[in-house]
There are 2 protein chains.
Amino acid sequence: MLETTDTKTQLLDCADDLIQRVGVNAMSYNDLSVAVGIRKASIHYHFPKKDDLVQALLARCSDAASQKYKSVARSDASVREKLDTLVGLYNSTLQNDKACSISMLSVEYQTQSETVKQSLDAAIKNTTSIYEEIFAQGKKEGLFAKAFDTHNAAFALYGFLIGTQILTRPLAERTIFLKAAKSYIDSLFR
Amino acid sequence: MLETTDTKTQLLDCADDLIQRVGVNAMSYNDLSVAVGIRKASIHYHFPKKDDLVQALLARCSDAASQKYKSVARSDASVREKLDTLVGLYNSTLQNDKACSISMLSVEYQTQSETVKQSLDAAIKNTTSIYEEIFAQGKKEGLFAKAFDTHNAAFALYGFLIGTQILTRPLAERTIFLKAAKSYIDSLFR
DNA sequence: TGTTAGAAACCTACTAGTTGGTAGGTAGGG
DNA sequence: CCCTACCTACCAACTAGTAGGTTTCTAACA
């Protein structure tokens, strides 16, 4: 029982990595089998259908993201620091040639099963509501220049982060992400 | 010589539509053949390789977008009106269950040919520079709350637009796009 | 004007490779 | 002994792409 990591987790790890790089539709069970070092058919033992894999992956990454974002939003840091930390998280995945799994799946939304679609909807709403906590704090502390609705502001930030991430990936000059983020966040404060 | 639309254009139209809905990798020559009403093999007459199709499509939509955005940026409207018009453009494609072709292609960037990659890079830079014109005008007129770099601000806006578009598509409640956009744009002005 | 050469735009019929998925067998540990 | 976790060996469906035949429009020409 001294296994490094159990196969199911390895599969999810590799699938997640592949999806963040090329998307769900470009990731095949064959790619996965090579990455994990297991025969293609054996993956079906753990995840009978590809949809099962995607569902499990989405559930896992949704939970992980939720936890990560909550720990940022509910820390004792300042609003500015919290937003900067969030930007840092997106920047590090970007610098690894990846993009947020949820945004990758959102793009390929129409090709997914009904279950995955619903989970995606929930995941987006969940993340938005966590980001909203940060804006609620900032609003309470009177830090912002405009009296915006916190929900709209949170969704706007979320969209901004995944959007600039997606647009930056094709560019050679990747420092633009952090610069744009600074520009965006600066404009929020009074 | 009273053809409605020539086949090559029809192919590009349908391919564009499909890509905006499901992405490049989920769009097949078979899907296209059904949509256009031509046999699958005949598509190869117009576009020998799928990559040829994507290249032609990207070139066309890049030009079209460039022209459209320029006409917005160089009109005699106010900065606020220009930004709102831009938001309106993205909103209308969103309400048709679509997303900007360039952002769809950017997500599937890693699976594309070197030529397409370069064109994408160019297209993103081009759009950014057009948006920058609007910010330059606003800066000159002293409309903004913060003294940001116009290039960073333009890229931020671009990322915001495609990002919120992607995030809104999976949601049933699609009015959030316009609300988030208003929230963002409001925060830019003094 | 009628004939014909040719090319443009399609077609049928095929290929090789890849996809997700299945059937059924096997090694090894509790 | 049986269950977990793999394996080999398949399959049908689909992928992009090719070969080669047919129609049809056009342009040249006697």
Side-chain angles (χ1 to χ4, degrees), chain A residues 1-19 21-58 104-105 107-117, chain B residues 1-19 21-58 104-105 107-117:
Chain A
M1 193 68 95
L2 58 138
E3 35 180 355
T4 7
T5 324
D6 97 286
T7 311
K8 203 162 185 169
T9 310
Q10 273 187 66
L11 284 168
L12 287 173
D13 287 342
C14 288
D16 203 18
D17 189 85
L18 281 167
I19 287 178
R21 291 179 197 280
V22 300
V24 214
N25 292 323
M27 176 212 68
S28 71
Y29 265 35
N30 198 42
D31 297 334
L32 252 184
S33 79
V34 172
V36 177
I38 208 182
R39 288 295 132 119
K40 195 194 66 169
S42 308
I43 305 177
H44 287 279
Y45 168 77
H46 299 280
F47 303 102
K49 313 274 155 149
K50 197 182 178 184
D51 192 59
D52 298 323
L53 203 233
V54 178
Q55 276 180 45
L57 187 121
L58 183 50
M104 293 298 284
L105 284 164
V107 167
E108 301 177 274
Y109 177 77
Q110 312 261 31
T111 64
Q112 298 304 305
S113 72
E114 218 46 54
T115 325
V116 170
K117 283 183 178 176
Chain B
M1 193 70 95
L2 59 139
E3 36 180 356
T4 5
T5 324
D6 97 285
T7 311
K8 203 161 184 171
T9 310
Q10 273 188 66
L11 284 168
L12 287 173
D13 286 342
C14 288
D16 203 17
D17 189 86
L18 281 168
I19 287 179
R21 291 178 197 280
V22 301
V24 214
N25 291 325
M27 177 211 67
S28 71
Y29 266 34
N30 197 42
D31 297 334
L32 251 184
S33 78
V34 172
V36 176
I38 208 183
R39 289 295 134 119
K40 195 196 66 171
S42 307
I43 305 178
H44 287 280
Y45 169 76
H46 299 281
F47 303 102
K49 313 273 154 149
K50 198 182 179 183
D51 192 59
D52 298 324
L53 205 231
V54 178
Q55 277 180 45
L57 187 120
L58 183 49
M104 294 297 285
L105 284 164
V107 167
E108 302 176 276
Y109 177 76
Q110 312 261 31
T111 64
Q112 298 304 306
S113 72
E114 218 47 53
T115 325
V116 169
K117 283 183 179 178

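Letters A, B, ... are given to chains in the order of the sequence lines, protein chains preceding strands, and every chain is numbered from 1. Hydrogens, waters and symmetry mates are skipped; everything else that's a heavy atom, side chains included, is used.
Using a 4.0 Å cutoff to heavy atoms of chain B, the contacted part of DNA chain C runs 5' to 3' from C/dA8 to C/dA13.
Under the 4.5 Å side-chain criterion, counting only non-hydrogen atoms from C-beta, B/M27 is in contact with B/L53.
Separating the NE2 atom in A/H46 from the CG atom in A/L12 is a distance of 10.0 Å, to the nearest 0.5 Å. Once rounded to the nearest 0.5 Å, the distance linking CG of B/L32 with NZ of B/K50 reads 8.5 Å. If you take CG on A/D52 and CD1 on A/I43, they are separated by 13.0 Å, rounding to the nearest 0.5 Å.
Partners of A/A26 by side chain to side chain contact (heavy atoms under 4.5 Å, CB included), not counting sequence neighbours, listed by chain and number: A/V22, B/N25, B/T111. Qualifying ring pair (Phe, Tyr, Trp, His ring centres under 6.0 Å) partners for A/Y29, counting only residues two or more places apart in sequence or in other chains: A/H44.
A donor-acceptor contact shorter than 3.5 Å links the side chain of A/Q10 to the backbone of A/T5.
Not one side-chain nitrogen or oxygen of A/S42 sits closer than 4.0 Å to the OP1 or OP2 atom of D/dA5. Dashed line: the shortest gap from a side-chain N or O of A/H46 to OP1 or OP2 of D/dC6 is under 4.0 Å.
Remark: C1' of D/dT18 and CD1 of B/I43 are 15 Å apart, rounded to the nearest angstrom. Note: NZ (A/K8) to C1' (D/dA5) measures 12 Å, nearest angstrom. In this structure, NZ of B/K50 is placed 8 Å from C1' of D/dA16, rounded to the nearest angstrom.
Residue B/K40 is in base contact, counting any heavy-atom pair closer than 4.0 Å across all strands shown.
Listed by first and then second residue, the salt bridge (charged side-chain N to carboxylate O under 4.0 Å, His left out) pairs that reach into residues 9-19 of chain B are B/D13-B/R60, B/D17-B/R21, B/D17-B/K98, sequence neighbours excluded.
Overall bending of the helix from C/dT1-D/dA30 to C/dG30-D/dC1, expressed as the angle between end axes built from five pairs apiece, is 10° (10° steps).
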Check against side-chain contact (heavy atoms from CB on, under 4.5 Å), A/M104 and A/V24: CA-CA 8 Å; A/M104 293 298 284; A/V24 214; 5.9 Å; no

B/V54/B/E108 under side-chain contact (heavy atoms from CB on, under 4.5 Å): CA gap, chis, key distance, verdict: CA-CA 12 Å; B/V54 178; B/E108 302 176 276; over 6 Å; no

Audit row: B/K8, B/F47, side-chain contact (heavy atoms from CB on, under 4.5 Å) steps and yes/no: CA-CA 9 Å; B/K8 203 161 184 171; B/F47 303 102; 3.6 Å; yes

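Annotation: proximity of residues 24-35 of chain B to DNA chain C (heavy atom, distance under 4.0 Å) is found for no residue.
Residues A/H44 and B/G37 each lie close to DNA chain C; by heavy-atom proximity, the contact nearer the 5' end of the strand is made by B/G37.
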